[in-house]
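Everything numeric here is computed off the predicted structure, so don't read it as measured data. Ligands are counted one by one from 1 in listed order, and the atoms in each one are counted from 1 as well.
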Amino acid sequence: MKLNLTDLGWNDFFEQQFAPYREQGWKPARLIRDNKISYGALLEDGANGFDEFEVILSGKVYHEAETDADLPAVGDWVALEVGGENGDNIIRARLDRQTCFSRRASGLSAEEQVIAANVSTVMVVTEAGPDHSPRRMERYFALISRSGAKAVVLINKADLFEDADNQSAAEELRALNPDADVHVISVKRRKNLKALKPYFRRGETVALIGSSGVGKSALVNLILGEDWQWVDEVNEVTGKGRHTTTARELLVLEKGGILIDNPGIKEVQMWTDETTLRERFADIDQLALQCRFQDCKHGTDAGCAIRAAVEAGTLGADRYEGYLKLEDEIAKLRKQRKKRQMTVERRNKRDHKIKARNRVDRDDLQRELKPRAKEHRSHE
Ligand code: GDP
Ligand code: ZN
């Protein structure tokens with residue numbers, strides 16, 4: 001099957017914006033990977049339908065972005081100059097987004113971090129067991145609602161729990177958000193998977209989120225696998241194995257639908273967990289403001305308001321212990337996040353250096369060639 005723009009999510013909304021760019025001879029492309037310095041993009045390529053190309057940002061798009069959220073992200077449609085300066089494929093403009101799935105960056109900054117653009121449906125995978133948490137789901141619903149995408153909840157692992165429990169979990173979540181579709185499924189037993197089909201329509205983009213261990217990977221594998229009777233056409237075209245490219249973040253499915261599976265999804269999960277956990281201890285956080293020392297560990301520190309509350313019996317010892325553990329858990333999450341961030345930054349720096357060096361080589365070569373060309377003319 002040969003893919004076209006519509007299979008990739010192109011529609012009238014984007015077409016209407018594109019006329020001036022088409023006049024420039026630029027091509028529509030969809031970003032499927034974010035390498036920070038460069039991007040991977042799917043671009044129409046005569047013979048093959050679509051193929052993946054490395055593309056870079058033009059200085060103009062970079063400088064005109066007022067915040068990071070304005071920069072192109074996975075899922076964005078862009079106007080691409082193919083084979084521009086130095087033979088690079090250059091992003092000349094980012095088209096307006098139909099939807100934008102994002103979160104506020106961690107820390108004090110109010111900066112928004114885009115997880116994926118132009119997502120039609122965000123599916124939250126959970127279960128009727130220990131992962132079931134209406135409070136956490138409220139956070140997910142808030143993010144999804146702000147994004148403009150459709151919210152779908154998959155209560156997975158139905159095989160492990162009583163029917164009544166699956167149904168009551170579903171009812172509870174439906175009551176929380178009447179706009180959300182809630183389905184009880186079992187990836188393992190292939191139960192009620194047909195409920196997912198309507199969301200994987202031609203040109204529709206789906207992102208999967210949820211706590212770790214709920215079965216997201218199992219579901220992705222199923223969707224990409226033969227049981228689903230969907231072939232990952234784009235991977236076939238580029239000749240890259242399905243399981244070897246962890247970097248690909250947007251997958252086009254031949255039987256219709258586009259799946260987004262990127263690292264940002266995991267960030268959303270951690271952020272949601274952290275915020276939800278914190279909220280549960282908001283009253284204790286309030287108490288902590290009254291501790292004598294700002295860096296009070298609430299252990300044996302003098303003047304600790306939290307310990308004082310435990311001793312006075314106004315704060316239960318179990319909640320106090322939960323709170324202490326919470327800080328550890330959050331610290332651990334942050335450390336992991338930081339480590340990953342540093343790895344990414346190191347890699348980017350290295351890539352950047354390589355790019356800069358290549359550019360210098362090219363400039364040197366041009367400097368060498370230019371005087372000679374001049375010399376040549378002066379002899380005439
Ligand atoms: P992820 O962290 O969300 O990607 O979760 P995984 O896909 O790695 O699944 C975690 C575990 O749950 C694996 O051992 C899966 O085999 C199992 N699992 C996934 N779906 C189901 C299901 O429907 N029923 C049962 N019993 N186990 C499941
Ligand atoms: Zn304290």
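In terms of distance to the Zn ion (ligand 2), the nearest N, O or S atom of His298 is named ND1.
Each of the following atoms of ligand 1 lies closer than 4.0 Å to a heavy atom of Leu160: 26 (N). Atoms of ligand 1 found under 4.0 Å from any heavy atom of Ser212, numbered from 1 in the order shown, are 2 (O). Counting the atoms of ligand 1 from 1 in the order shown, those under 4.0 Å from a heavy atom of Ser211 are 3 (O).
Within a 4.0 Å radius of atom 13 (C) of ligand 1, the protein contributes no non-hydrogen atoms. For atom 25 (C) of ligand 1, the nearest protein heavy atom is under 4.0 Å away.
Here the protein heavy atom with the shortest distance to atom 20 (N) of ligand 1 is Asn156 ND2, 3.1 Å. The nearest protein atom to atom 28 (C) of ligand 1, hydrogens excluded, is given as Lys157 CE, 3.8 Å; this is a heavy-atom distance. Looking at atom 4 (O) of ligand 1, its nearest protein heavy atom turns out to be Ser217 OG, 2.4 Å. Counting only heavy atoms of the protein, atom 7 (O) of ligand 1 lies nearest to Ala218 N, 2.8 Å. Taking atom 2 (O) of ligand 1 as the reference point, the nearest protein heavy-atom neighbour is Gly213 N, 2.6 Å. For atom 9 (O) of ligand 1, the closest non-hydrogen atom on the protein side is Gly215 CA, 3.5 Å.
A distance-only check finds a donor-acceptor pair linking the side chain of Thr99 to the backbone of Val119 [under 3.5 Å]. Counting only distance, with no hydrogens or angles, the side chain of Asn4 and the backbone of Thr6 share a donor-acceptor pair below 3.5 Å.
In Val214, the parts holding a heavy atom less than 4.0 Å from any atom of ligand 1 are both the side chain and the backbone. At a 4.0 Å heavy-atom cut-off, ligand 1 touches Val187 through backbone and side chain alike.
Between the side chains of Ser211 and Arg136, at least one donor-acceptor pair of N or O atoms lies under 3.5 Å. A side-chain donor-acceptor contact under 3.5 Å links Ser102 and Arg146.
A salt bridge is absent between Glu138 and Arg135; no separation between the charged side-chain nitrogens and carboxylate oxygens falls under 4.0 Å. The residues Arg33 and Glu54 are annotated as not salt-bridged, no charged nitrogen and carboxylate oxygen being separated by less than 4.0 angstrom. Salt bridge Lys325/Glu321: absent, no basic N to carboxylate O contact under 4.0 Å.
Arg30 is listed as a side-chain neighbour of Asn118, based on a closest heavy-atom distance under 4.5 Å.
With the Zn ion (ligand 2) as the vertex, SG of Cys304 and SG of Cys291 span 110° to the nearest 10°.
Linking Ile, Leu, Val, Met, Phe, Trp and Tyr residues whenever their side-chain heavy atoms come within less than 4.5 Å leaves Tyr39 and Val114 in two separate clusters.
Residues Phe18 and Trp10 place their aromatic rings such that the two centres sit under 6.0 Å apart.
Selection from Lys188, Arg190, Lys191 by nearest heavy atom to atom 22 (C) of ligand 1 gives Lys188.
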